[in-house]
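Below: the structure, in structure tokens.
In each ligand, atom 1 is the first atom listed, and ligand 1 is the first ligand listed.
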Amino acid sequence: MASVVMGIIGGIAAWSLAVFKDPTQASVLHHHALSELKPLLSPNASIHLPCSEGFQTAMDRWTRWKNPEFDVIVEVVTEDDVSKAVQYANQQEQQFLAISGGHGGTKHLGDVEHGVGIWMRKMDGVQVHEDGCSATTGGGVLSKKVVDALWEEGKQTVIGACECTGAIAPALGGGHGWLQGRHGLLADQILSARLVLANGTAVTVSSSSHPDLFWAIRGAGHNFGIVTDMQYKVYDRTPQNEKWAMETLTFSGTKLEEVLQELNEMMKQYHDVVELAHWTEVLWLSQVDPKLSPLSHDTFLTDLRGLAAPLMMDNDGAACQHGSAYLRFPFGGSEYNIEGLRIAYDTLAALPPKLNQSWIISEGYSMRGVQSVPAESTAFPDRYNSLLMAVFMVYSPEDEALDQQAAEYGEAMRDDVVKSSGDGLQAYVNYAFGDESQEALYGYESWRLDRLQKLKALYDPDGRFNFYNPILT
Ligand SMILES: Cc1cc2nc3c(=O)[nH]c(=O)nc-3n(C[C@H](O)[C@H](O)[C@H](O)COP(=O)(O)OP(=O)(O)OC[C@H]3O[C@@H](n4cnc5c(N)ncnc54)[C@H](O)[C@@H]3O)c2cc1C
Ligand SMILES: *[C@@H]1O[C@H](CO)[C@@H](O)[C@H](O)[C@H]1NC(C)=O
Ligand SMILES: *[C@@H]1O[C@H](CO)[C@@H](O)[C@H](O)[C@H]1NC(C)=O
Ligand SMILES: *[C@@H]1O[C@H](CO)[C@@H](O)[C@H](O)[C@H]1NC(C)=O
């Protein structure tokens, strides 16, 4: 049986807020999109203009910080729709951006201005192949749909923890999830993909077709194209492997050192246990009784479908609510750097009240499956750090003055931990803030960056896919 042990957790407040953009500047382009682009699209595709509900829905993102701005949203249904939308944007010299789960949050997304949004959510089919060990999904599918559809067919695969993120974009940056200890990253499951390139041409990407791109999309994929569908490995779920035991423990901050020490020991001792995962969340809880230790203790027995809810990562949970500004500062670690985390904890505990919903998270999944894939075989650079940590700064987006303050605190807390660990920063590209070095995002071995830069120059010479931690050539 697999199990999840969780450290310090608590409630997170969230609320929603509508965003309205001034549409006047763009009226000429709107007219053009309707007259020129619409006739080229498949019958079920739609074009949404700023005052429409569809437009607002597509614009409604997880974080209210550095959001992309669009003049028009193209709701695509087929691969050819994606190609046509890209070609149209190129002709108009407009920026474009794929939108799936809307949970991307790097600052580069805010560089999209007057863009064409390519809204993928209708391309969400999930089909298990007859061989029983592979499946195909559309480019806009959300995580929950993949989990549920595979489950129905007696299958499961490596998938992220959160129900409402896209399933494809995480895989393009590596993709961490529950079953990675056994099977590797989300990216390691990819068998092939259809990819619409910067010039609108669609190609098949696999070990035998464009193998250079196949290497690149498994870790740096957002830089190279829009995936319209993806084939990936799936596995049988069986009575032996489908149950998960989960335990949640909450401790007061005075116990930080003890808890982290214990977790370091646990990681050493159970290094080879493929389905032992743990998360720690360090955050403010308003109502706790400090006399208890642990302050609270819950246990659950569930399956892959049920792991999201206790972590508040289900569709109704806090992690899926939109409306706050979230800034993430990721860093990897091979163990808990207790000294550095104490400094960061003390900073967190002393944050001004307007930032007191911020937290520090650490995801500790088994690395067995991840490390059994040769490091040079994909663009994903970090197969050695077993902890995926991040500072999350959270605040009300109405208070713009907080943007800079939150960024400074976030950077400082991350720096405190990384500096005191003595290792270089490894920043998971899917959590990146956006100011990390190329090496921190894509790897310190010079051949990696060389290779990525050459591929970028070849396939995206004009930097059309430069809004998600771009590879600079
Ligand atoms: C609450 C939460 C939980 C998370 N949990 C995990 C986790 O467990 N494991 C993990 O690895 N990551 C996790 N992440 C990080 C996640 O991988 C990224 O946030 C990812 O960008 C989300 O993808 P999306 O489709 O939801 O977002 P979007 O903002 O729609 O897309 C993100 C980026 O990918 C591009 N993109 C979207 N669809 C496609 C496509 N079909 N082809 C090419 N490019 C595309 C977009 O243009 C954008 O640049 C989590 C994030 C959040 C906010
Ligand atoms: C278009 O939508 C209709 C109604 O939902 C559906 O029956 C049809 O199969 C769709 N066509 C395509 C090409 O997706
Ligand atoms: C955070 O600060 C606000 C005041 O801005 C206060 O009302 C709230 O209780 C604090 N939250 C926690 C968890 O301490
Ligand atoms: C688009 O780019 C790809 C890769 O560089 C190239 O092979 C293809 O010929 C280009 N298509 C067009 C229509 O120029």
Q.
Quick one, C162 with C320, criterion disulfide bond (SG atoms under 2.5 Å apart). Give me CA distance, side-chain angles, the key distance, then yes/no.
A. CA-CA 8 Å; C162 183; C320 288; 3.7 Å; no

Q: Spell out, as yes or no, whether a donor-acceptor pair under 3.5 Å connects the side chain of E411 to the backbone of Y409.
A: no

Q: Could you tell me whether W284 and ligand 3 have an N or O pair separated by under 3.5 Å?
A: no

Q.
Suppose we measure from atom 6 (C) of ligand 2 to each protein heavy atom; which comes out shortest, and what is that distance?
A. N44 ND2, 4.1 Å

Q.
We want to know whether K456 and N466 form a side-chain donor-acceptor pair, criterion being a heavy-atom distance below 3.5 angstrom.
A. yes

Q | Geometric N/O contact G104 with ligand 1, under 3.5 angstrom | A | yes

Q. To the nearest 0.1 Å, how far is atom 8 (O) of ligand 1 from its closest protein heavy atom, and which atom is that?
A. A161 N, 2.8 Å

**Q.** For atom 12 (N) of ligand 1, the option (of Y468, F467, Y431) bearing the nearest heavy atom
**A.** Y431

Q. Looking at atom 46 (C) of ligand 1, what's its closest protein heavy atom, distance included?
A. A98 O, 3.0 Å

Q) Where do I361 and T280 land on the side chain to side chain contact (heavy atoms under 4.5 Å, CB included) test, with the steps shown first? A) CA-CA 6 Å; I361 189 171; T280 33; over 6 Å; no

(Q) Need the ligand 1 atom indices (1-based, order shown) with element for anything under 4.0 Å from a heavy-atom of I226. (A) 42 (N), 43 (C)

Q) Going by the atom numbers of ligand 3, which of them fall below 4.0 Å from some non-hydrogen atom of N356? A) 1 (C), 2 (O), 3 (C), 8 (C), 10 (C), 11 (N), 12 (C), 14 (O)

Q) Taking atom 28 (P) of ligand 1 as the point of reference, which of C162, C164, G102, A58 owns the nearest heavy atom? A) G102

Q | Heteroatom distance test (G166, ligand 1): nitrogen or oxygen, under 3.5 angstrom | A | yes

Q) Who's the nearest protein heavy-atom neighbour of atom 9 (N) of ligand 1, and how far? A) H176 O, 2.9 Å

Q.
Keeping S372 on the side-chain end and G369 on the backbone end, is there a donor-acceptor pair under 3.5 Å?
A. yes

Q.
For atom 51 (C) of ligand 1, what is the closest protein heavy atom, and at what distance to 0.1 Å?
A. R328 NH1, 3.4 Å

Q: Give yes if a backbone or side-chain nitrogen or oxygen of W62 is under 3.5 Å from a nitrogen or oxygen of ligand 1, and no if not.
A: no

Q: Report the C-alpha separation of T57 and W119 in whole Å, then their side-chain angles, then the decisive distance to 0.1 Å, and conclude whether the side chain to side chain contact (heavy atoms under 4.5 Å, CB included) test is met.
A: CA-CA 10 Å; T57 308; W119 195 18; 4.0 Å; yes

Q: Taking only Lys NZ, Arg NE, NH1 and NH2, and the carboxylate oxygens of Asp or Glu, determine whether R383 and D188 approach each other closer than 4.0 Å.
A: yes

Q) Within the structure, does G101 bring an N/O atom to less than 3.5 angstrom of an N/O atom in ligand 1? A) yes

Q: Determine, stepwise, if the pair L348 / S358 fulfils side chain to side chain contact (heavy atoms under 4.5 Å, CB included).
A: CA-CA 7 Å; L348 188 86; S358 304; 4.2 Å; yes

Q) Do S100 and ligand 1 have an N or O pair less than 3.5 Å apart? A) yes

Q. Which is closest to atom 35 (C) of ligand 1 in terms of heavy atoms, Q180, H222, Q321?
A. H222

Q.
When you measure from atom 9 (O) of ligand 3 to the protein, is at least one non-hydrogen atom found at a distance under 4.0 Å?
A. no

Q.
Tell me the protein heavy atom at minimum distance from atom 29 (O) of ligand 1, and give that distance in Å.
A. R61 NH2, 2.6 Å

Q) Taking the minimum heavy-atom distance to atom 1 (C) of ligand 1, which of A319, P68, A432, C320 ranks first? A) A319

Q. Taking the minimum heavy-atom distance to atom 43 (C) of ligand 1, which of G225, A169, G105 ranks first?
A. G225

Q | Residues E275, R368: salt bridge by 4.0 Å N-O rule | A | no

Q.
Starting from atom 42 (N) of ligand 1, what is the nearest protein heavy atom, named by residue and atom, and what distance separates them?
A. V227 N, 2.8 Å

Q. Do D124 and K145 sit within salt-bridge range, that is, some charged N less than 4.0 Å from a carboxylate O?
A. yes

Q.
Under 6.0 Å from the ring centre and within 45 degrees of the ring axis: does the NZ or CZ of R237 meet both conditions for the six-membered ring of Y235?
A. no

Q. Does G160, backbone or side chain, put an N or O under 3.5 Å from an N or O of ligand 1?
A. no

**Q.** Check: D462 side chain, R464 main-chain N or O, donor-acceptor pair, under 3.5 Å
**A.** no

Q | N or O contact, Y428 vs ligand 1, cut-off under 3.5 Å | A | yes

